Amino acid sequence: MSKMIDEVKRTHSCGELTAADVGKEVVLFGWVHSRRDHGKAVFIDLRDRMGVTQVVFEPGFDAAAHELAGSLRLEYVIGVRGVVDSRGGNINPKMKTGEIEVHATGLEIFNRSEALPFVIEDEVNAEETTRLAYRYLDLRRPAMQRMLMTRSKINQLTREYFAQNGFLELETPFLVKYTPGGARNFLVPSRSGSGKFYALAESPQLFKQLFMVAGFDRYFQIVRCFRDEDLRLDRQPEFTQIDVEMSFVTQDDIFTAMEGLVARLWKELLGVDIPLPIPRMEFDESMRRFGNDKPDLRFGLEHVDFTEVVRAHSGGGVPLFESILAQGGIFKAIRLPKAHTLSRKEFDELEKDAKGMGSAGLGRAKIGEDGSWSQTPFAKTISDALREAINAATGAEPGDTLIFQMGRAAMVHAVLANIRLTLGKKFDMIPAYGTRDGDWRFLWVVNPPLFEFDEENKTWVAAHHAFTRPHDGDVAHLQSDPGRVKCHRYDLVLNGFEIGGGSIRLHDPEVQKKVFEALGIGEDEARQKFGFLLDALKFGAPPHGGIALGMDRVAMLLTGAQSLRDVVAFPKTLRGTDLMTGAPGEVTAKQLEDLHVAPITKNETPAAS
RNA sequence: GGGGUGGUAGUUAAGUCGGUUAUAACGUCGGCCUGUCACGCCGAAGGGCGCGGGUUCGAGUCCCGUCCACCCCGCCA
């Protein structure tokens with residue numbers, strides 16, 4: 001039983017005492033962050049989530065407390081009673097509370113701590129594996145505490161902002177019906193449904209549209225979503241979205257609403273004024289200049305497409321060029337200015353990365369004083385005319401290096417987009433956050449195609465989902481030329497991260513029908529998959545649209561975290577496991593039986609379906 | 001599914017061309033110290049190198065397999 005907690009209340013946090021408090025009697029609770037035992041004087045840095053305060057134990061202040069202080073070790077949880085005093089000539093300017101210290105007149109050890117697997121300090125000195133296994137200790141680190149406190153603040157500000165703007169915070173179910181397409185769902189067996197399954201919602205998409213049909217014309221929710229896909233630095237299987245839907249709005253209305261939120265967050269949390277409105281870029285332009293739809297605008301090294309140049313010269317005598325032209329491939333280059341050079345080894349590493357992304361090989365040409373090419377196998381075969389034309393198209397000057405990629409468009413874009421980022425980092429073109437103006441390069445990427453061609457199945461598939469509204473002028477092409485149909489879809493991009501995305505939804509049943517036809521989805525199939533939404537759209541659905549912000553990514557960027565895992569309290573590893581709890585875990589045969597799920601033994605081949 | 005990086009005391013890292021008894025720092029334990037704040041000083045314990053094979057007189061170092069973590073592509077909004 002703890003005497004101190006019963007007898008006295010905590011008077012202050014460990015981060016708030018200043019010179020103005022000198023002379024006060026205080027009670028602090030917290031963890032022993034560090035200790036410096038000088039025998040007759042014991043210094044303890046006491047830590048709680050608000051900060052650190054130095055506590056001094058001396059026999060003259062209290063003999064019993066001083067005696068007990070000698071037994072303190074790192075991470076003991078203690079209560080201290082004492083008097084605030086000035087440090088006089090021993091001020092520590094590095095500490096927020098460095099002007100004062102607490103002269104202890106009482107000490108109680110609430111709980112001892114075993115030796116820790118790693119030291120609790122801001123600089124990460126333990127491998128992530130260890131940190132995740134002892135996440136509750138990792139979260140004691142002041143840096144991690146700041147991350148989660150920022151996250152909390154984001155939630156508060158978001159709720160405040162939407163409430164002030166007339167939005168309703170409404171909830172949608174997590175346990176939903178499985179619908180094919182889109183992200184893979186986690187499945188949850190239904191005990192009472194005999195062999196049937198729920199799916200964990202990958203997003204509240206359909207339900208929030210139903211809120212619009214129901215007349216709740218401004219909705220938001222800070223909501224967990226679940227996707228059973230492979231993970232990344234910025235992707236967790238469960239993640240939090242700031243989900244928004246609005247009726248009777250245009251794309252501009254949605255942009256304005258979200259820009260207001262983002263500006264508020266950056267202002268309140270970082271003191272940064274985001275210039276509004278956020279600039280916009282056509283999807284096609286983003287692909288052309290950066291090879292993806294989430295460009296990092298903080299540096300150059302833009303792509304140059306010189307396919308037409310090669311075509312105009314009929315391949316310029318290079319057999320490889322000719323065959324790629326014949327196969328309908330594209331040619332792109334990045335011009336690396338002469339200030340930056342790549343060693344043979346560095347280029348080989350780039351090429352290795354490229355090959356990992358499906359490239360057959362990475363081209364390179366070093367530009368000579370006379371515009372000639374060296375360090376490239378094309379030097380001998382390429383015609384002077386084509387070489388000069390490529391130099392002109394890319395703006396290549398003597399000393400520059402051209403890095404080429406050619407072939408199937410998707411591959412070329414993916415490879416060069418990645419190489420651009422690799423080079424940007426390698427040559428320090430990406431500023432650290434807060435080091436110069438314009439660190440925060442927000443961008444709306446707009447008007448992407450409605451469909452993508454699925455090379456594997458040779459069919460058109462919805463680039464996002466089948467309920468995105470096509471541009472009115474393109475509706476006529478839905479059947480004849482699906483590839484050219486653009487839609488009212490938009491992504492919010494920040495420094496190379498997609499932090500949000502949404503669309504104006506289809507609310508016209510006629511157009512909806514045509515979209516399904518273009519996708520090869522028959523009426524029965526559409527009914528089966530989305531029946532309830534299609535029904536709802538028939539009963540007076542208002543024009544509506546919305547967006548979802550990736551809250552974890554926003555938190556990651558706002559805090560400068562190196563990984564999404566650092567802003568998630570209890571994250572999963574890249575393979576989706578929890579190193580602390582051991583999830584996912586095995587269940588018993590009895591549990592499976594209750595759920596009507598047949599166990600599959602290791603040597604048994606699953607029955608052919 | 002594919003490409004890549006890594007795994008050595010509790011932690012972080014070093015370990016050359018295979019060669020006596022595998023290093024260091026921090027942490028831990030014991031002792032000393034009244035002004036430290038990366039406290040200092042003296043002393044001690046602690047690992048057999050992710051796991052399993054193989055090559056060799058000899059493997060942390062080489063080879064094969066495997067597990068785990070991380071990064072990227074596919075996938076995913």
Side-chain angles (χ1 to χ4, degrees), chain A residues 33-45 52-61 66 70 73-75 87-95 97-98 101 113-121 123-134 137 182-185 202-203 205 225-237 239 241 243 293-294 349 351-359 410-411 413-415 417-419 421-422 445 448 455-456 463-465 489-493 497-503 547-550 553 562-563 565 572-575 577 579:
Chain A
H33 190 59
S34 72
R35 75 185 169 106
R36 295 172 294 280
D37 185 348
H38 291 223
K40 287 290 190 305
V42 178
F43 297 90
I44 295 293
D45 286 345
V52 174
T53 296
Q54 173 164 286
V55 180
V56 189
F57 297 88
E58 289 181 21
F61 302 150
H66 172 259
R73 294 293 179 270
L74 294 184
E75 296 306 310
R87 292 210 202 175
N90 295 307
I91 285 173
N92 182 346
K94 285 185 275 185
M95 282 175 86
T97 60
E101 61 192 11
S113 170
E114 293 187 7
L116 297 157
F118 51 87
V119 187
I120 311 293
E121 59 187 10
E123 281 137 76
V124 180
N125 72 332
E127 216 166 86
E128 199 174 10
T129 318
T130 317
R131 293 172 49 207
L132 289 178
Y134 298 93
L137 296 180
R184 187 181 290 125
N185 292 91
E202 62 188 79
S203 97
Q205 182 62 39
C225 301
F226 306 87
R227 292 183 188 156
D228 191 5
E229 297 290 349
D230 285 349
L231 309 182
R232 286 286 190 285
L233 174 79
D234 60 351
R235 263 162 40 187
Q236 282 278 304
F239 59 99
Q241 285 194 341
D243 196 47
D293 59 355
K294 47 176 184 175
E349 275 166 21
E351 182 166 44
K352 203 194 274 179
D353 283 352
K355 284 181 174 171
M357 287 177 255
S359 167
M411 182 279 293
H413 285 140
V415 167
N418 265 279
I419 283 179
L421 290 175
T422 305
V445 175
E455 294 287 345
E456 220 173 286
H464 297 288
H465 56 73
R489 158 94 207 168
Y490 31 84
D491 284 343
L492 183 56
V493 175
F497 288 93
E498 181 210 314
I499 61 169
S503 63
I547 189 167
L549 282 193
R553 287 182 188 169
Q562 297 300 302
S563 156
R565 291 183 294 274
K572 306 284 191 291
T573 68
L574 277 194
R575 290 177 71 251
T577 62
L579 294 177

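In what follows, chains carry the letters A, B, and so on, assigned in the order in which the sequence lines appear, proteins first and then strands, with residues in each chain numbered from 1. Bear in mind the structure is a predicted one, so any value in this text is a computation, not a measurement.
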inquiry  = Taking the minimum atom-to-atom distance to the side chain of A:A126, which one of B:rC26, B:rU11, B:rC76 wins?
reply    = B:rU11
inquiry  = Starting the side chain at C-beta, find the nucleotide from B:rU11, B:rC70, B:rA77 nearest to A:D491.
reply    = B:rA77
query = Roughly how many Å is it from CZ in A:R575 to P in B:rC76, rounded to a whole number?
reply = 21 Å
inquiry  = What is the separation between atom NE2 on A:H38 and atom P on B:rG40, rounded to the nearest whole Å?
reply    = 9 Å
message = Distance check, P atoms only: B:rU21 and B:rC49, in whole angstrom units.
response = 14 Å
message = What is the distance, to the nearest angstrom, from the CG atom on A:D230 to the P atom on B:rG74?
response = 12 Å
message = What is the distance, to the nearest angstrom, from the CG atom on A:L579 to the P atom on B:rG7?
response = 18 Å
inquiry  = Side chain of A:F43, heavy atoms from C-beta onward: which of B:rA77, B:rG35, B:rC39 has the nearest atom to it?
reply    = B:rG35
ask   = Between the base of B:rG27 and the side chain of A:R73, is there any donor-acceptor pair under 3.5 Å?
value = no
task = Mark yes or no for a side-chain to base donor-acceptor pair under 3.5 Å between A:E127 and B:rU12, with no hydrogen or angle criteria applied.
result = no
inquiry  = Output the rounded distance in Å from CG (A:D37) to P (B:rA38).
reply    = 17 Å
inquiry  = Whether the A:T129 and A:R131 side chains hold a donor-acceptor pair (N or O, under 3.5 Å, no angle test) is what I'd like checked.
reply    = no
query = Less than 4.5 Å apart, any side-chain heavy atom of A:E114 and any of A:E75?
reply = no
ask   = Do A:E229 and A:R235 meet the salt-bridge criterion of a basic N to acidic O distance under 4.0 Å?
value = no
Whole-Å P distance, B:rG60 and B:rU16 = 12 Å
message = Rounding to an integer number of Å, can you tell me how far A:D353 CG sits from B:rG74 C1'?
response = 15 Å
Distance between C1' atoms of B:rG50 and B:rC68 (Å, rounded) = 8 Å
query = Is any side-chain N or O of A:R235 under 3.5 Å from a base N or O of B:rC75, one able to act as donor and the other as acceptor?
reply = yes
key: Nucleotide nearest A:D293 when distance is taken to its side chain, options B:rC71, B:rU11, B:rA77   = B:rA77
query = Nearest of B:rC37, B:rU34, B:rC70 to any side-chain atom of A:K40?
reply = B:rU34
inquiry  = With no hydrogens and no angle check, just 3.5 Å: does a side-chain donor-acceptor pair link A:Q54 and A:R36?
reply    = yes
A:E128 side chain, from C-beta outward: closest of B:rU36, B:rC76, B:rC70 = B:rC70
task = Assess the pair A:H38 and A:F43: is the distance between their ring centroids shorter than 6.0 Å?
result = yes
request  = Kindly point out which of B:rC76, B:rU11, B:rC73 is positioned nearest to the side chain of A:F118?
outcome  = B:rU11
ask   = Between the side-chain atoms of A:R489 and the base atoms of B:rA77, is any donor-acceptor pair under 3.5 Å?
value = yes
ask   = Taking the C1' atom of each, how far is B:rU12 from B:rG47, in whole Å?
value = 14 Å
inquiry  = Quick one, A:M357 and A:I419 - any side-chain contact, counting heavy atoms below 4.5 Å?
reply    = no
key: Rounded interatomic separation in angstrom, taking CE from A:M411 and C1' from B:rG2   = 15 Å
note = When rounded to whole Å, the CG to P distance for the pair A:N90 and B:rC39 reads 15 Å
Touch class at under 4.0 angstrom, heavy-atom based, for A:E101 against every strand present = base
